[in-house]
Amino acid sequence: MAISNSEIAKIFRKISFLLEIDSSKEDIKTNRNANFKNRAYSRAADQIENLPVSIASIYKENGLSGLLQIPSIGKAISSKIEEYLNTGKIEYYEALKLKYPIEIEDFLALEGIGPKTLRAIIDTTPIKNLDDLEKLAKEEKLRKIPGFSQKKESNILNKIESYRKGGSRFLLGDIYPLVDQIEKYLTNQKNIVETIVVGSYRRMKETVGDIDFLVVTEHPVNVIESFIKMPQVKDVISQGTSKAFVKLNNGIDVDLLVVPQDSYGAASLYFTGSKEHGISLRRLAQARGYRLNEWGLFDNSTDSKLAGETESEIYGLLDLEWIPPEMRENHGEIELAKKGSMNWTEKVENLIDYADLKGDLQVHSNKTDGQMSIEEMAYFARTTFGLDYIAITDHTKSLSITGGLDEQQLLNQVTEIQEINDKIKSGDFFVEENIPKGRKSIQNLDLINGKNPKNSNIKNDKDFRILVAAEVNILKDGSLDISNNVLDKLDVVGAAIHSSFTLSEDIQTKRLIDAARNPSVDIIFHPTGRIINKREGYPVNISKLLSVALETNTIVEVDAHYNRLDIRDEYIRMAIENGVKLVIDSDAHHPIHYAFLKFGISQARRGWAERKDILNTLSVVDLLKNLK
DNA sequence: GCCGTTTTCGGCCCGACTGTTTTCAGTCG
């Protein structure tokens with residue numbers, strides 16, 4: 001099994017933490033580098049974690065000089081990576097662990113207790129893990145350490161408790177309704193001029209650790225008071241005059257930031273992040289003799305405020321174009337956004353937008369594991385989400401748990417869908433008396449309806465079209481479970497892996513490549529098979545798959561279901577840089593799932609995809625021309 | 001330990017909140 005980037009990143013994070021434990025106050029006074037070495041390791045960890053390609057393969061192909069190309073990786077760190085790839089060990093790290101024999105994972109993720117606090121504790125009582133620390137606190141021994149108190153001791157117990165309860169990040173799609181609730185609550189408060197959600201939520205990251213709100217007001221104290229009194233609030237973590245942090249009953253942390261109007265842009269820039277994007281901006285400011293913080297952009301020599309009300313004016317004074325939030329990850333967007341860059345203007349103007357999709361090419365019906373009929377799925381696709389076409393992609397026979405269709409059933413589906421399409425064309429389909437019974441069950445989801453732009457570019461409902469399709473199973477040996485002469489009767493064929501997840505990377509890649517080479521297969525569905533926070537997905541050499549996709553004119557899917565988002569943002573960027581075409585599909589098993597399309601679009605924006613890269617921005621006629 | 005529009009030495013993002021102390025260190029985002 002190849003060594004993963006996150007495995008190496010984790011080690012560097014631990015080295016960074018141990019170095020912080022190691023550097024006492026005296027060290028920092030005498031050795032000015034002591035405080036920066038740990039940051040270097042932590043920056044390297046960030047870099048490695050965000051790398052789209054495997055660091056093991058970089059080393060395999062280009063050796064040490066390949067590693068040195070990576071920003072924040074220099075001589076010392078690259079040779080430690082080399083050592084780890086070759087021996088599975090880093091001596092430097094082993095020595096640090098020997099000096100501080102603690103279970104670092106326990107303390108790395110523990111909020112509120114950092115390396116200095118930990119050092120003070122282990123200098124007094126050698127502890128190894130969280131259990132030891134908890135015991136110490138319960139025995140009231142922590143309060144005896146200089147600089148500690150009874151209050152600090154009980155705080156530490158609280159932190160341990162909430163650490164044990166909570167943990168992982170939340171899926172973007174799961175917290176969407178909650179964010180809406182809080183947004184409405186804040187908007188209804190007196191004195192609030194403006195409310196926006198910032199943080200990783202605004203960047204539409206697939207998971208978020210907490211929810212950040214930014215509010216414009218001239219009455220910060222009142223606003224913070226009403227924020228901490230929200231019904232969902234369980235604990236107030238901290239509360240000041242410009243920000244407050246709370247924990248909700250369901251375990252999510254919510255941060256509120258309060259600024260006056262003339263700091264709105266600076267604050268939204270600062271708290272939308274990402275952290276690395278912000279750091280880069282502040283470095284640019286620094287190089288110009290400016291200082292950038294959440295209150296504004298200031299000239300250091302005169303201490304006067306140069307900008308603050310809008311993001312654009314701040315970017316502008318740093319000689320940058322405005323950068324869409326989804327792209328703010330410090331993955332090269334700042335270099336590209338330099339003023340006067342034609343490429344950038346074109347890129348941002350053509351970036352796939354939330355109203356750009358005309359159709360959805362992965363939709364399931366109750367013929368297999370969907371919850372509604374083909375007619376109902378079509379009805380809502382048109383009337384609620386304004387789509388121009390959908391492809392009905394029910395599962396096929398080897399996926400027996402869903403009652404997958406066999407050859408004959410697929411052929412029947414061709415006839416059945418033809419009949420519905422005829423009805424649509426005659427004008428007898430999208431009419432009052434034809435409103436499906438299931439209408440009610442989705443009516444209470446105003447939230448989703450309200451937030452989905454209608455996408456249609458066709459004038460007449462009669463032009464809506466259902467495509468006959470299937471989500472065909474890729475078998476263990478790379479063949480399909482439906483014969484090509486039947487698949488050729490369908491408008492669209494998607495192929496996907498649903499079994500044998502534990503095979504090796506070589507075999508999984510071969511299965512997908514074989515499917516891509518099959519002349520009947522138009523699209524590879526959810527190519528990596530991951531379920532976010534639940535399973536990693538099977539191992540795939542994505543660059544090999546992409547090069548075969550390009551060669552065979554096979555489309556790669558961005559599955560927009562928020563628990564899949566497959567392929568992920570970095571792979572989307574790889575795909576479009578290589579000229580591979582993509583589609584964004586909801587994978588709907590119920591009409592409300594069409595709302596997931598927006599998560600696929602945001603993922604594509606995070607991968608810098610333009611309209612031209614996403615084939616279901618085309619009309620149905622043009623789309624069909626682009627298939628095999 | 002990394003890095004370079006102040007370029008091979010001497011910098012390294014910036015401010016709010018907490019707790020303990022009374023001017024600041026630690027932690028976080």
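Just so you know, these numbers come straight off a predicted model, no measurement behind them. Just so we're on the same page: letters track the sequence lines, and every chain starts at 1.
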Q. Are more than 12 heavy atoms from other residues, nucleotides or ligands located less than 6.0 Å from atom CD of A:Q150?
A. no

Q: Using the C1' atoms only, state how far B:dC3 lies from B:dC13, rounded to an integer number of Å.
A: 15 Å

Q: May I have the distance from A:K116 (atom NZ) to B:dC28 (atom P), rounded to whole angstrom?
A: 13 Å

Q. Any stacking of A:F36 on B:dC12, going by centres under 5.5 angstrom and planes within less than 30 degrees?
A. yes

Q) Is there a side-chain polar atom (N or O) of A:N155 under 4.0 Å from OP1 or OP2 of B:dG19? A) yes

Q) Just checking, any donor-acceptor pair under 3.5 angstrom between side chains of A:S280 and A:N330? A) yes

Q: Side chain of A:Q239 only, please: which of B:dG1, B:dT18, B:dC13 is the nearest?
A: B:dT18

Q. When all nucleic acid strands are considered with a 4.0 Å heavy-atom cut-off, which category describes A:I77: base, sugar-phosphate, or nothing?
A. sugar-phosphate

Q: Looking at every strand, decide which applies to A:K151 at a 4.0 Å heavy-atom threshold: base, sugar-phosphate, or nothing.
A: sugar-phosphate

Kindly give the atom pairs (protein nitrogen or oxygen, nucleotide nitrogen or oxygen) under 3.5 Å for nucleotides 14-16 of chain B.
| from | atom 1 | to | atom 2 | distance (Å) |
| --- | --- | --- | --- | --- |
| B:dC14 | O2 | A:Y270 | OH | 2.6 |
| B:dG15 | OP1 | A:R291 | NE | 2.9 |
| B:dG15 | OP1 | A:N293 | ND2 | 3.1 |
| B:dA16 | OP1 | A:W295 | NE1 | 3.3 |
| B:dA16 | O3' | A:S242 | OG | 3.2 |

**Q.** Interatomic distance at P, B:dT6 relative to B:dG11, whole Å
**A.** 14 Å

Q: Calculate the interatomic distance between A:I113 atom CD1 and B:dG19 atom P; express it in whole Å.
A: 13 Å

Q: Consider the side chain of A:K37, meaning its heavy atoms from C-beta on, and name the nucleotide among B:dC13, B:dG1, B:dG29 that approaches it most closely.
A: B:dG1

Q) When you compare B:dG26 with B:dT21, how far apart are their C1' atoms, in angstrom units rounded to a whole number? A) 14 Å

Q) Does the ring centre of A:Y201 sit less than 6.0 Å away from the ring centre of A:Y176? A) yes

Q: For A:Y93 and B:dG1, give me the distance from atom OH to atom P, rounded to whole Å.
A: 17 Å

Q: Could you tell me whether A:R291 sits above the aromatic face of A:F298, with NZ or CZ closer than 6.0 angstrom to the six-membered ring centre and within 45 degrees of the axis?
A: yes

Q | Rounded distance in Å between the C1' positions of B:dT8 and B:dG1 | A | 14 Å

Q: Look at the side chain of A:P115 and decide which nucleotide, out of B:dC28, B:dC13, B:dT27, has an atom nearest to it.
A: B:dT27

Q.
Quick check for you: among B:dG1, B:dT27, B:dT18, whose closest atom lies nearest to any side-chain atom of A:Y41?
A. B:dG1

Q: For nucleotides B:dC17 and B:dT23, find the distance between their C1' atoms and express it as a whole number of Å.
A: 16 Å

Q) Taking only residues two or more places apart in sequence, or in another chain, which ones meet A:F12 in a ring pair (Phe, Tyr, Trp, His ring centres under 6.0 Å)? A) A:Y41

**Q.** Rounded distance in Å - CG (A:L269) to C1' (B:dG29)
**A.** 14 Å

Q. Is any side-chain nitrogen or oxygen of A:R43 closer than 4.0 Å to OP1 or OP2 of B:dC3?
A. no

Q | Length of the line joining A:L284:CG and B:dT5:P, which is rounded to integer Å | A | 11 Å

Q. Of the candidate nucleotides B:dC2, B:dT27, B:dC12, which contains the atom at the shortest distance from the side chain of A:R39?
A. B:dC12

(Q) Suppose we define a pair by two distances each less than 3.5 Å, Watson-Crick or G-U wobble; what does B:dT8 pair with here? (A) none

Pair up each side-chain donor or acceptor in residues 252-264 of chain A with any protein partner under 3.5 Å, not counting sequence neighbours, and list the distances.
| from | atom 1 | to | atom 2 | distance (Å) |
| --- | --- | --- | --- | --- |
| A:D253 | OD1 | A:K247 | NZ | 2.9 |
| A:S263 | OG | A:W295 | O | 2.8 |
| A:S263 | OG | A:K305 | NZ | 3.3 |

Q: Mind calculating the distance between CG (A:L297) and C1' (B:dC13) to the nearest angstrom?
A: 13 Å

Q. Is there side-chain contact between A:V198 and A:Y270, with heavy atoms separated by less than 4.5 Å?
A. no

Q: Looking only at side-chain atoms of A:T117, point me to the closest of B:dG1, B:dT27, B:dT18.
A: B:dT27

Q. What integer distance in Å separates A:K80:NZ from B:dC2:P?
A. 8 Å

Q) Testing A:E333, A:R328, A:E329, A:R282 for side chain to side chain donor-acceptor pair (under 3.5 Å) with A:H277, which one passes? A) A:E333

**Q.** Spacing between A:I21 atom CD1 and B:dG26 atom C1', to the nearest angstrom
**A.** 14 Å

Q.
If you assign each of A:L118 and A:A244 to its closest nucleotide in DNA chain B, which residue comes earlier from the 5' end?
A. A:A244

Q) Would A:R573 and A:D569 pass as an ion pair if we require N to O under 4.0 Å? A) no

Q: Mind checking A:L281 for me? I need base, sugar-phosphate or nothing, with any heavy atom below 4.0 Å counting as a touch.
A: nothing

Q: Could you pick out which residue, A:G147 or A:P71, lies toward the 5' side of DNA chain B when each is mapped onto its nearest nucleotide?
A: A:P71

